[in-house]
K.L.:
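Take a look at this one; I'll ask things after.
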Amino acid sequence: MYSCEKESNDVIDPILHFPTITSKYYTPQQFNSDTLNIICGATVESVDQIEKVEVTFYDLRNNILVVAALQDNGVYPDTAAGDGKFTGIMNYVFTCREVGAHNIQFLATTTSGLTSNPTQDIVDVIRIPNQPPTVSGIIITPDSIQVNTDAFFIFMITATDPNGPCDIAKVFYTGFRPSGVPLTSSLELYDDGGCCLLPPFNSTSGDTTANDSKFTRKFFGSTSETGYYRYFIRAVDRSGDTSNVLTDSIYVY
Ligand SMILES: [Ca+2]
Ligand SMILES: [Ca+2]
């Protein structure tokens with residue numbers, strides 16, 4: 001005999017129904033434009049009702065630029081309502097085009113709040129034709145310094161790009177010791193207002209104003225050889241094109 005009133009001591013193990021995106025598409029996958037219009041579609045299988053299907057488009061640092069909702073309502077570009085195929089258009093306009101491979105992610109969410117496995121796909125943003133960046137106004141200090149003496153070294157240059165400031169991927173210096181041996185370090189200059197700690201010194205760039213096209217790198221160090229240290233600063237844009245190269249030197253006595 002057993003009692004109907006007896007309550008189960010078992011821990012209730014809820015059955016979770018996660019939605020699944022069984023197929024998806026997005027087109028086009030490459031843009032040579034500031035304006036993106038991507039038709040996106042996802043086929044979703046789910047036990048529970050689907051609350052939303054979204055496509056998220058990211059910048060190159062994986063910050064969200066735009067989220068587009070896909071619908072299964074039969075309204076263009078969706079072809080049939082209620083067939084589990086969700087469709088929509090993701091629109092985005094760059095104020096300054098970021099050339100590069102951008103992540104795009106599809107995600108389905110049920111009314112229970114459970115989500116599908118996130119996916120990672122790529123939208124390739126290109127620029128053809130591209131114009132190279134230009135550097136001007138190089139400043140490297142000190143002009144001269146005693147050997148093996150600690151001092152602040154400051155590298156500054158103005159870097160611009162006809163395609164906009166966000167097209168500059170990197171500004172950096174290379175150099176040679178007086179003996180002609182290349183410097184092992186090739187440090188980047190930044191236009192970040194000195195916001196952030198940077199490797200390898202865990203100090204800021206020394207830049208005073210962010211986004212004014214003046215790039216700076218300041219650090220504390222010393223030189224170990226006498227003679228002229230020669231430095232070369234250039235910029236590279238997001239399409240990989242290189243600017244003119246400007247040079248300056250520090251005399252070590
Ligand atoms: Ca450019
Ligand atoms: Ca600056």
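Just so you know, ligand 1 is whichever comes first in the structure, and atom 1 is the first atom listed for that ligand.
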K.L.:
Do D72 side-chain atoms and G84 backbone N/O form a donor-acceptor pair below 3.5 Å?
P.N.:
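Indeed, once roles are kept as given, a pair shorter than 3.5 Å links the two residues.
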K.L.:
Check all N, O or S atoms of D191 and name the one closest to the Ca ion (ligand 2).
P.N.:
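Of all N, O or S atoms belonging to D191, OD1 is the one nearest the Ca ion (ligand 2).
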K.L.:
Need the atom name: nearest N/O/S atom of D237 to the Ca ion (ligand 1).
P.N.:
OD2
K.L.:
Is it the case that atom CD in Q120 sees more than 12 heavy atoms from other parts of the structure closer than 6.0 Å?
P.N.:
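Above 12, so yes.
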K.L.:
Any N/O/S atom, backbone or side chain, of D192 lying under 3.0 Å from the Ca ion (ligand 2)?
P.N.:
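Within the cut-off used here (under 3.0 Å), D192 places no N, O or S atom near the Ca ion (ligand 2).
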K.L.:
Just checking, any donor-acceptor pair under 3.5 angstrom between side chains of N148 and S222?
P.N.:
no
K.L.:
Taking side chain as C-beta onward, heavy atoms only, is I233 less than 4.5 Å from F172?
P.N.:
no
K.L.:
Examine all N, O or S atoms of D241, backbone included, and report whether one is under 3.0 Å from the Ca ion (ligand 1).
P.N.:
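It does not; every qualifying atom lies at 3.0 Å or beyond.
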K.L.:
Kindly give the heavy-atom pair with the smallest separation between P133 and I168, and that separation in Å.
P.N.:
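Where P133 meets I168 most closely, the heavy atoms are CB-CG1, 4.5 Å.
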K.L.:
Looking at the Ca ion (ligand 2), is one of the N, O or S atoms of K214 less than 3.0 Å from it?
P.N.:
yes
K.L.:
Output, in order, the C-alpha distance, side-chain angles, deciding distance and verdict of side chain to side chain donor-acceptor pair (under 3.5 Å) for N130 and D237.
P.N.:
CA-CA 9 Å; N130 176 58; D237 72 13; 2.7 Å; yes
K.L.:
The Ca ion (ligand 2) as vertex, arms to OD1 of D212 and OD1 of D207: angle to 10°?
P.N.:
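It rounds to 150°.
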K.L.:
Anything under 30° is parallel, anything over 60° is perpendicular, the rest tilted; go ahead and classify Y173 against F155.
P.N.:
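Parallel, since the angle between the ring planes stays under 30°.
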K.L.:
Taking both backbone and side-chain atoms into account, decide whether T209 has an N/O/S atom under 3.0 Å from the Ca ion (ligand 2).
P.N.:
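So T209 counts as coordinating the Ca ion (ligand 2), yes.
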K.L.:
Using a distance threshold of 3.0 Å, state whether an N, O or S atom of N130 lies below it from the Ca ion (ligand 1).
P.N.:
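Yes.
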K.L.:
Have a look at the Ca ion (ligand 1) and estimate, to 10 degrees, the angle subtended by OD2 (D167) and OD1 (D161).
P.N.:
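An angle of 90° at the metal.
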